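Report on the structure given below.
Numbering of ligands and ligand atoms starts at 1, following listing order. Only a predicted model underlies this, so the values are computations on that prediction, with no experimental measurement involved.
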Amino acid sequence: MGYRDIYSTWQADPEAFWMDAAKGIDWVTAPNTALTDTGDGLYEWFADATVNTCWNAVDRHVEAGRGEQTAIIYDSPITHTKREISYVELRNRVATLAGALRAKGVEKGDRVIIYMPMIPEALEAMLACARLGAVHSVVFGGFAANELAVRIDDATPKAIIAASCGMEPGRVVHYKPLLDSAIELAAHKPDFCVVFQREQEVAQLMEGRDYNWHGFQYGVEPAECVPVEGNHPAYILYTSGTTGAPKGVIRHTAGQLVALNWSMKNIYNVAPGDVFWAASDVGWVVGHSYICYGPLIHGNTTIVFEGKPVGTPDAGTFWRVIEEHNVTSFFTAPTAFRAVKREDPTGDCITKYDLSCLKQVYLAGERADPDTIIWAQQHLNVPVVDHWWQTETGWAIAANPLGIEELPTKLGSPAVPMPGYHVEILDNAGQPVPAGTLGAIAIKLPLPPGTLPTLWNAEDRFRKSYLTTFPGYYETGDAGMIDEDGYISIMARTDDVINVAGHRLSTGGMEEVLAGHPDVAECAVIGVTDALKGQLPIGFLCLNAGCARDHSDITQEVVKRVREKIGPVAAFKRAVVVERLPKTRSGKILRGTMVNIADGMPFKMPATIDDPAILDEIKTALQTLGYAPD
Ligand code: COA
Ligand code: AMP
């Protein structure tokens, strides 16, 4: 069957479609019901089943006689380390780690925060939680202690599993002091911490609270896989919203198993045993779905890559890894390809490697610009698939499903909706618009298995953020259009979220940090277009009356402040002092207009602007930073 037939099969009977997909999973108790409508726009998948994620991702492959297959390849050009872990080794390691966590009191439903870099132990920690039915929440290493503290207070973990350090090119990221200060800042205190001591830095442990990863596993009884309900939360993953408080996206166990397993074959076109590589980080949703769970559930070999697209050691790193480990499908962010292309525009590094194993490449996380896609197509000679998804959905909303059929590529479009997603473009009144017309992208409820059922501790916020604007739909927060052939294009966010190097960040969150500076009376942060990272944040500061301090001291202080409060990942390096901010007569800051000025794009003078002259002042300020061309 081709894509259209499969999509129609899903449309004709969505529940039967997913019940059929559910056959790919080993259930303790198979589901009788696919979808449960719990009322008021909330839905759950396979709620009456019982199942264990770790069993499906690890043990079942050992039972099926594939224990010697490599499950995880660790390749770290930063530390010059390579290591392979077979499925049977992974099973044993995870069972022991889970046993040690259980011995310290971690049980089904308890939350565990994981704060680790790209090392296999991060996946082992996730799987050990899954084995016990504990709910993990992985926090990205590029966040500052304050962000970790916010997540500790929201998830209230019984335990935190961390590494002593992370490795960035030319810099050791001292995780342990960040962990210590986060616990100090947080109101909630975990019962205990487990620290994986890396060779590159041995951290000081706190007697009675911190345990050494190896020591605490000594002599424990390995844990079996604990069956959980289909609607048991597998994890919480925090992502940026409009305000500084991150949203705790919940993923239910059964839906994730079914959807990810389906996607590995149908979207990523791999068979069990193939090597699948997502060059992302376990701290992001791509890392959850396609470094850890998806490939392992499907019996693939996954790669944990601790490096960067360039500089570790050069722009040929990706191609070296693909050749050396025989990668079939490769997934990265457009920004990573832009970084490689900038250093190797003619693709010379690519020709040094035999990439005959590579069948296809996938890009996501931000808009894939046509130049980057064309460069990749020309130099790699394989299909390059742009696909669109979000932390909330956990897997692709739109893609070119190569495992079903290779559809024609349209540059600038992540192709067509996947089964499970009824995507529509709506106008401000919530009415569908004709093909080719720009509007808000919404998905008709219910969302498919594997997507978020609600937000952790925040059902009202879930409704307000996603369900209220367009009743009966999930609001994606993206704007775009659908053409006559059903191809979707993603044009912009409709909220204050920006996308910096494939990382999702809240300008509202940065504004909260700037506003906390004692000299700042008012501020705005916008995302300006950047050739490498897609977008970069820029801050505008209005100072308190009478503040006579040197402006450059203040801008340096706010830059430092964002790094300290949010983290280096915010890439907040530029701010400028202005007299006033452009606003509507009702006082709303005209951030969109400021972005257009910065990018040198034509714009219509907002009819409700309070004082148009302010825009000239903004332009002049932006020009001092090298933006806003005439
Ligand atoms: N731990 C600690 N710090 C981190 C980090 C981590 N895991 N990841 C990034 N940082 C830091 C970086 O060291 C950098 O710090 P600096 O300001 O001291 O230089 C800062 O956060 C910004 O990082 P980044 O945006 O990654 O920029 P970069 O200049 O280091 O690298 C790219 C640029 C394009 C090579 C890089 O952004 C990249 O590989 N992007 C791909 C992202 C991706 O795969 N996203 C997955 C989403 S699908
Ligand atoms: P995240 O939750 O971090 O994965 O970010 C999700 C957001 O990234 C989406 O809502 C989009 O704004 C953007 N995004 C992800 N993939 C794409 C894509 N293929 N094209 C355009 N934007 C994308």
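- When each of Lys359, His298, His387, Gln360 is checked for a side chain to side chain donor-acceptor pair (under 3.5 Å) with Tyr268, only His387 meets the rule.
- Note that NE2 of His80 is 11.5 Å distant from CG of Asp75, once rounded to the nearest 0.5 Å.
- If you look at Asn499 next to ligand 2, the close heavy atoms, those under 4.0 Å, all belong to the side chain.
- Side-chain atoms of Ser263 and Tyr290 form a donor-acceptor pair, as typed in the model, at a separation below 3.5 Å.
- Checking Asp386, Ile498, Val285, Leu237 against atom 19 (N) of ligand 2, the nearest heavy atom belongs to Asp386.
- Which of Glu366, His387, Arg504 comes nearest to atom 5 (O) of ligand 2 through a heavy atom is settled by distance: it is Arg504.
- More than 12 non-hydrogen atoms from other residues, nucleotides or ligands lie less than 6.0 angstrom from CZ of Arg83.
- For the residue pair Tyr293 / Gln256, no side-chain donor-acceptor distance below 3.5 Å is found, with atom types taken as modelled.
- When hydrogens are left out, the protein atom nearest atom 4 (O) of ligand 2 is Thr391 N, 3.6 Å; that is the closest non-hydrogen contact.
- Looking only at protein heavy atoms, the nearest one to atom 16 (N) of ligand 2 is Gly365 N, 3.2 Å.
- Here the side chain of Glu366 pairs a donor or acceptor atom with the backbone of Thr335 at under 3.5 angstrom.
- Ligand 2 has no atom lying under 4.0 Å from any heavy atom of Gly477.
- Side-chain contact check for Cys292 versus Thr302: every heavy-atom pair is 4.5 Å or farther apart.
- Counting atoms of ligand 2 from 1 in the listed order, those under 4.0 Å from a heavy atom of Trp389 are 6 (C), 9 (C), 15 (C), 16 (N).
- The closest side-chain heavy-atom distance from Cys193 to Ile183 is below 4.5 Å.
- At a heavy-atom cutoff of 4.0 Å, ligand 2 is contacted by no atom of Trp284, backbone or side chain.
- For the pair Arg151 and Phe143, the cation-pi criterion (under 6.0 Å, within 45° of the ring axis) is fulfilled.
- Here His379 contributes atom NE2 and Leu355 contributes atom CG; the two are 12.5 Å apart, rounded to the nearest 0.5 Å.
- Protein heavy atom in closest approach to atom 12 (O) of ligand 2: Asp478 OD1, 2.6 Å.
- For the salt bridge (charged side-chain N to carboxylate O under 4.0 Å, His left out) with Arg338, the lone residue among Asp530, Asp371, Asp369 that qualifies is Asp369.
- Ligand 2 places these atoms under 4.0 Å from at least one heavy atom of Ile490: 21 (C), 22 (N).
- Protein residues are said to neighbour a ligand when one of their heavy atoms lies under 4.0 Å from it; for ligand 1 these are Phe140, Gly141, Gly142, Glu168, Arg171, Val173, Ala279, Ser280, Asp281, Val286, Lys308, Pro309, Ala333, Thr335, Ala364, Ala501, Gly502, His503, Lys533, Arg563, Pro568, Val569, Lys573.
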